[in-house]
Protein chains: 2
Amino acid sequence: MDTKIYAAKLRNVKLIPTIPRMAVLEFLEKNRTHPTAGEIYSAVKDCTPSLTKATVYNVLDAFKKVKTIQELTINREVARYDCNTDPHLHFFCRSCGNLHDIDLSCPIQPGEILFGHRVEGVQIYLYGVCAQCNNQCNNK
Amino acid sequence: MDTKIYAAKLRNVKLIPTIPRMAVLEFLEKNRTHPTAGEIYSAVKDCTPSLTKATVYNVLDAFKKVKTIQELTINREVARYDCNTDPHLHFFCRSCGNLHDIDLSCPIQPGEILFGHRVEGVQIYLYGVCAQCNNQCNNK
DNA sequence: GTGGCTGCAAATCATTTGCATATAC
DNA sequence: GTATATGCAAATGATTTGCAGCCAC
């Protein structure tokens with residue numbers, strides 16, 4: 001783990017660099033698959049055996065607050081985390097279960113006023129069968 | 001409760017009309033506030049004392065399958081239910097906690113193919129402070 | 001009559017909480 | 001040295017499950 005880089009990134013957002021924070025940040029930056037808290041925990045625990053899930057949730061909460069990550073609640077079973085905080089769309093494939101990025105910006109942006117409502121955040125979730133699964137078989 | 005109307009609506013979607021199904025459907029059609037399963041349970045239990053939450057979930061699952069309702073997972077704590085299944089936007093106010101309809105149709109529609117992905121459903125969630133709360137005080 | 005639905009109690013599981021210990025500054 | 005973060009165990013709470021009895025057809 002390149003401690004210096006991640007320590008500096010954390011200091012930039014006014015977070016004290018700790019081992020769990022650096023490890024989770026590194027994992028998220030290198031794994032753009034929108035992992036769940038459980039997946040993050042399992043992966044990071046290998047290099048940080050004392051890690052607990054509660055700490056993973058603490059770290060993710062801290063990252064959310066400083067907008068280093070965004071939380072995706074595309075299905076209600078489990079939250080997923082994305083270190084790309086530019087507004088973009090997400091596609092959930094019901095066949096393979098993967099969550100894909102869609103490189104379209106959101107037609108509504110934070111800061112807009114819509115019917116008097118002040119928009120601070122936008123999530124656009126698409127559901128269906130992804131390109132790969134469409135090709136592999138004719139999933140209905 | 002106008003049993004005949006709701007029984008007919010349920011038969012139209014090939015569901016056996018039962019007391020809990022008719023009661024939940026009536027409640028959802030008359031309360032367009034996107035209630036949670038718990039809110040539906042509390043309200044409907046008054047007229048149907050033997051009702052349980054498990055039955056509410058069963059009924060909601062049946063309605064989802066025949067697309068009589070849509071499930072909204074705008075925050076991960078609890079699902080909300082909407083008997084308006086036309087694609088439209090939802091705005092969650094962090095000040096009052098209400099979930100408002102936004103009368104804009106979705107820019108992406110079910111049936112479209114987007115980067116090869118076959119879109120079957122779309123949810124657009126907006127977060128912020130709603131018009132009412134903006135007026136009442138300068139919530140930051 | 002029979003299959004599907006309801007009602008009950010217990011289980012599940014992601015997430016949260018309280019608190020003692022450890023760590024960053 | 002002090003404030004903050006971690007680690008542990010237990011709690012929370014929405015949702016699910018298994019199953020016996022009931023109802024719609």
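Note that the structure is a prediction, hence the values are computed from the model and not measured. So you know, we letter chains A, B, ... as the sequences are listed, proteins then strands, and number each from 1.
- What separates CG of A/Leu10 from P of D/dT4 is a distance of 17 Å, to the nearest Å.
- The salt bridge (charged side-chain N to carboxylate O under 4.0 Å, His left out) analysis of residues 42-63 of chain B, with sequence neighbours excluded, yields the pairs B/Asp61-B/Lys64.
- Other members of the cluster containing A/Ile124 are A/Leu89, A/Phe91, A/Ile102, A/Leu104, A/Ile108, A/Leu114, A/Phe115, A/Val119, A/Val122, A/Leu126, B/Leu89, B/Phe91, B/Ile102, B/Leu104, B/Ile108, B/Leu114, B/Phe115, B/Val119, B/Val122, B/Ile124, B/Leu126, with ILVMFWY side chains joined at under 4.5 Å, either directly or via other members.
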Taking only nitrogen or oxygen atoms into account, show me every contact under 3.5 Å that the protein makes with nucleotides 1-3 of chain D, one pair per line with its distance.
none

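- Annotation: side chain to side chain donor-acceptor pair (under 3.5 Å) contacts involving residues 103-113 of chain A, sequence neighbours excluded, are absent.
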Query raised in the report: Which letter, B, S or -, goes with each nucleotide of nucleotides 10-25 of chain D from 5' to 3', with contact meaning a protein heavy atom under 4.0 Å?
Result: ----SSBB------SS

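- Closest to the side chain of A/Pro20, from the set D/dT6, C/dG7, D/dC8, is D/dT6.
- If you take CG of A/Asn75 and P of C/dC13, they are 15 Å apart, rounded to a whole angstrom.
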Query raised in the report: Passes side-chain hydrogen bond (donor to acceptor under 3.5 Å, both in side chains), A/Gln123 versus B/Gln123? Steps please.
Result: CA-CA 8 Å; A/Gln123 291 292 345; B/Gln123 290 293 343; over 6 Å; no

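- When the P atom of D/dG7 is taken as reference, atom OH of A/Tyr41 falls 10 Å away, rounded to whole Å.
- Atom CZ of B/Arg21 and atom P of C/dG7 are 12 Å apart (whole Å).
- Ring geometry, A/Tyr125 versus A/His90: the interplanar angle falls from 30° to 60°, so the pair is classed tilted.
- The shortest heavy-atom contact between A/Thr85 and A/Lys67 is CG2-O, 3.5 Å.
- Between A/Glu71 and B/Arg76 there is a salt bridge, since at least one side-chain N of the basic residue sits less than 4.0 Å from a carboxylate O of the acidic one.
- Between A/Leu51 atom CG and D/dA5 atom P the separation is 15 Å, expressed in whole Å.
- Using a 4.0 Å heavy-atom cutoff across all strands shown, A/Ser50 reaches sugar-phosphate atoms only and no base atom.
- Residue pairs that meet the salt bridge (charged side-chain N to carboxylate O under 4.0 Å, His left out) test with at least one member in residues 6-16 of chain B, sequence neighbours left out, are B/Lys9-B/Glu29.
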